[in-house]
Amino acid sequence: MNSTTELAQRLVSADPGGWTTDGLRTMAATLGWTWTGGAAGPVLGTGLPTGDARLTPVGPYEERYTGGEEYVGLVVPLGQPEPGDTAQAAAFAAVREELTAALGKAPIMGSHGEMGPFHAGGPSWGNPFLRWRGERNTLELRAGRIGPELVLQPTGPAENWFWRQGIGEEHSISGYFGTRRDPANAGLGFPGGWSARSWETVTSSLAYFLGPLPAEAAALGIRIGMPLYGRTDDDAPLLFDLACGERLSIACFAPDDADPAALGWGTVADHPATAQQWDDDDPVWRVDAGGPGEPKGRALAETLVATAKAVGVREPADLIVGGEGTYVGDYHVTYYGLGLPTG
């Protein structure tokens, strides 16, 4: 049996004993791991070539989301790929394929965006995750700073933290969150979102979303198709079409009286790779943003916002994510980090 598969199955079956020190010491001994105290929390010697595991202790901030737990996560590194977005995404994808074969398709998937659980940061290439949810404990495949990680966590505190970020303030939740129709998701709560109040906010949220999107799509094994509609007066025609699999391509459907070329859009002659996504001349205006590590998120976001404003979209609430874009395979996805309405 492959070590990653075996590790995941042992973690799913493990009993953290209420996530107390005594309970986790017992679990570590059952797994054949050693326990060493450390300034940043206990370190568990796994004997695995990928390295030791670490526990995330409950501090003053985490305490508000817990119910007696002393720890909110057990993190096990799964390797250190070569640096670079493509290598990191490929390493994550390899583990995803292996765990899916062993555990079944993850009930939950998405990206933590700029803000991971309990406000932990993520790697610069993207912050994707897959989650096998359990009633008491949840196993997550997460993008770590040096490579993919398996994270066993108590279900209650992790979901309580996420739910309580839905306070409506700009950027209160980042990333995107997708769920399947799976019995494991029974009783799952969803936080409220937030609304962008300025075009600068839209620019920053789009920049972070678009920059790592091809790497995250490759890591998660998904393809995202997202129409964006622009409301002007009483109508809201299709304005942009985002398509992301191995590469990110964006099409523009600006009205005839606009000047997309002056706003940074090209044709298929300028972006031949987009011919794989759309016909040669329909849509006329498009951009090929590239594959993992290649999109210039801020520049793309500025182009989208400038175009929306140029065609008469007056405010962020009038830039609308098409409801069809919330279906990614058999996942229903909420794009929390964009701060845009869905319709």
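Fair warning: this is a prediction, and the values are worked out from it, not measured in the lab. Heads up: numbering here begins at 1 and tracks the sequence.
- Taking the side chain as every heavy atom from C-beta outward, Trp35 and Met27 never approach each other to under 4.5 Å.
- With a 4.5 Å cut-off on side-chain heavy atoms, Asp52 and Leu44 do not count as touching.
- Side chains of Arg131 and Leu139 form no contact here, defined as non-hydrogen atoms less than 4.5 Å apart.
- Without hydrogens or angle criteria, Asn127 side chain to His112 main chain gives no donor-acceptor distance under 3.5 Å.
- Between the CD atom in Glu114 and the NE2 atom in His171 there is a gap of 7.5 Å [rounded to 0.5 Å].
- In this structure, the side chains of Thr50 and Leu7 stay at 4.5 Å or more apart for every pair of heavy atoms.
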Q.
Run the side chain to side chain contact (heavy atoms under 4.5 Å, CB included) test on Phe92 and Leu130 for me, step by step, so that the C-alpha distance in whole Å, both residues' side-chain angles and the decisive distance to 0.1 Å come before the verdict.
A. CA-CA 10 Å; Phe92 187 103; Leu130 292 167; 4.3 Å; yes
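- Phe129 and Ile224 are assigned to two separate hydrophobic clusters, defined by single-linkage of ILVMFWY side chains at heavy-atom distances under 4.5 Å.
- Judged by distance alone, the side chain of Thr155 and the main-chain N or O of Gly134 form a donor-acceptor pair under 3.5 Å.
- The two residues Trp33 and Ala53 have their closest heavy-atom pair at CZ3-CB, 4.2 Å.
- Side-chain atoms of Thr46 come within 3.5 Å of backbone N or O of Gly51 as a donor-acceptor pair.
- Defined by atom type and a distance below 3.5 Å, a donor-acceptor pair is present between the side-chain atoms of Glu98 and Thr5.
- Here the closest heavy-atom approach between residue Pro316 and residue Leu340 is recorded as O-CD2, 3.8 Å.
- For Tyr336 and Phe190, the ring centers are positioned 6.0 Å apart or more.
- Defined by atom type and a distance below 3.5 Å, a donor-acceptor pair is present between the side-chain atoms of Ser198 and Thr201.
- The main-chain N or O of Ile173 is found under 3.5 Å from a side-chain atom of Trp194 such that the two form a donor-acceptor pair.
- Between Leu213 atom CG and Ser111 atom OG the span is 9.0 Å, to the nearest 0.5 Å.
- Both Leu210 and Trp265 are assigned to one and the same hydrophobic cluster, defined by single-linkage of ILVMFWY side chains at heavy-atom distances under 4.5 Å.
- Using a distance-only test at 3.5 Å, with no hydrogens or angles considered, a donor-acceptor pair links the side chain of Glu62 to the main chain of Gly59.
- Between the CG atom of Leu150 and the CZ atom of Arg142 there is a distance of 10.5 Å, given to the nearest 0.5 Å.
- The backbone N or O of Ala219 lies less than 3.5 Å from a partner atom in the side chain of Arg96, making a donor-acceptor pair.
- Looking at Val72 and Phe118, their side chains come closer than 4.5 Å, going by heavy atoms from C-beta outward.
- By the 4.0 Å N-to-carboxylate-O rule, Arg223 lies too far from Glu216 to be salt-bridged with it.
- Comment: Arg133 does not engage Glu140 in a salt bridge, judged by the lack of any side-chain N to carboxylate O separation of less than 4.0 angstrom.
- Side chain of Arg10 to backbone of Leu31: a donor-acceptor contact under 3.5 angstrom is found.
- When the shell of 6.0 Å around CD of Glu200 is examined, it contains more than 12 heavy atoms from other residues, nucleotides or ligands.
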Please list, one pair per line, the donor and acceptor atoms closer than 3.5 Å that link side chains of residues 14-23 to other protein atoms, with sequence neighbours excluded.
residue: Asp15; atom: OD1; partner: Gly17; partner atom: N; Å: 2.9
residue: Trp19; atom: NE1; partner: Asn137; partner atom: OD1; Å: 2.7
residue: Thr20; atom: OG1; partner: Gly17; partner atom: O; Å: 3.2
residue: Thr20; atom: OG1; partner: Gly23; partner atom: N; Å: 3.1
residue: Thr21; atom: OG1; partner: Glu70; partner atom: OE1; Å: 2.8
residue: Thr21; atom: OG1; partner: Tyr71; partner atom: OH; Å: 3.4

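- A distance of 5.0 Å separates CD in Glu159 from CG in Leu188, rounded to the nearest 0.5 Å.
- A chain of hydrophobic side-chain contacts below 4.5 Å, direct or via other Ile, Leu, Val, Met, Phe, Trp or Tyr residues, connects Val287 to Phe209.
- For Ala89 against Ala215, the heavy-atom pair with the smallest separation is CB-O, 3.5 Å.
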**Q.** Residue pair Val268, Asp270: steps toward the side chain to side chain contact (heavy atoms under 4.5 Å, CB included) verdict
**A.** CA-CA 5 Å; Val268 69; Asp270 303 305; over 6 Å; no
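- Nearest heavy atom pair, residue Pro283 against residue Ala251, reads CG-CB, 3.3 Å.
- In terms of modelled atom types and a separation under 3.5 Å, the side chain of Asp235 and the main chain of Thr232 share no donor-acceptor contact.
- Between Asp241 and Trp278, the side chains place a donor N or O and an acceptor N or O closer than 3.5 Å (distance only, hydrogens not considered).
- In the hydrophobic clustering of ILVMFWY residues, with side-chain heavy atoms under 4.5 Å counting as a link, Ile320 and Tyr335 come out apart.
- For Thr307 (side chain) and Thr303 (main-chain N/O), a donor-acceptor pair under 3.5 Å exists by modelled atom type.
- Between Met109 and Val333, the closest side-chain pair of non-hydrogen atoms falls below 4.5 Å.
- No path of Ile, Leu, Val, Met, Phe, Trp and Tyr side chains, each step under 4.5 Å between heavy atoms, connects Tyr229 with Val321, placing them in separate hydrophobic clusters.
- Applying the 6.0 Å contact sphere to CD of Glu170 captures more than 12 heavy atoms from other residues, nucleotides or ligands.
- Within 6.0 Å of CH2 in Trp163 there are 12 or fewer heavy atoms belonging to other residues, nucleotides or ligands.
- No more than 12 heavy-atom neighbours from other residues, nucleotides or ligands sit within 6.0 angstrom of CD on Glu82.
- Between Asp85 and Pro292 the shortest heavy-atom distance is CB-C, 3.9 Å.
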Q: Could you please spell out the steps behind the side chain to side chain contact (heavy atoms under 4.5 Å, CB included) verdict for Lys309 and Leu263?
A: CA-CA 11 Å; Lys309 294 166 70 174; Leu263 294 165; over 6 Å; no
Q: Let me see the working for Glu169 and Arg197 under side chain to side chain contact (heavy atoms under 4.5 Å, CB included), right down to the final yes or no.
A: CA-CA 10 Å; Glu169 294 296 326; Arg197 298 169 191 154; 3.9 Å; yes
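- Note that CZ of Phe177 is 5.0 Å distant from CZ of Phe162, once rounded to the nearest 0.5 Å.
- The closest side-chain heavy-atom distance from Tyr208 to Thr203 is not below 4.5 Å.
- Taking each heavy atom of Ala93 and Ala218 in turn, the nearest pair found is CB-O, 3.7 Å.
- The distance from atom CG of Leu338 to atom OG of Ser195, rounded to the nearest 0.5 Å, is 11.5 Å.
- With contacts defined as side-chain heavy-atom distances shorter than 4.5 Å, the pair Leu239/Leu228 does not qualify.
- Distance alone, capped at 3.5 Å, is enough to place a donor-acceptor pair between the Glu69 side chain and the Gly67 backbone.
- Checked for salt-bridge contact, Asp330 and Lys105 meet the test: a charged N lies under 4.0 Å from a carboxylate O.
- Salt bridge present: Asp288 and Arg247 bring a charged side-chain N and a carboxylate O closer than 4.0 Å.
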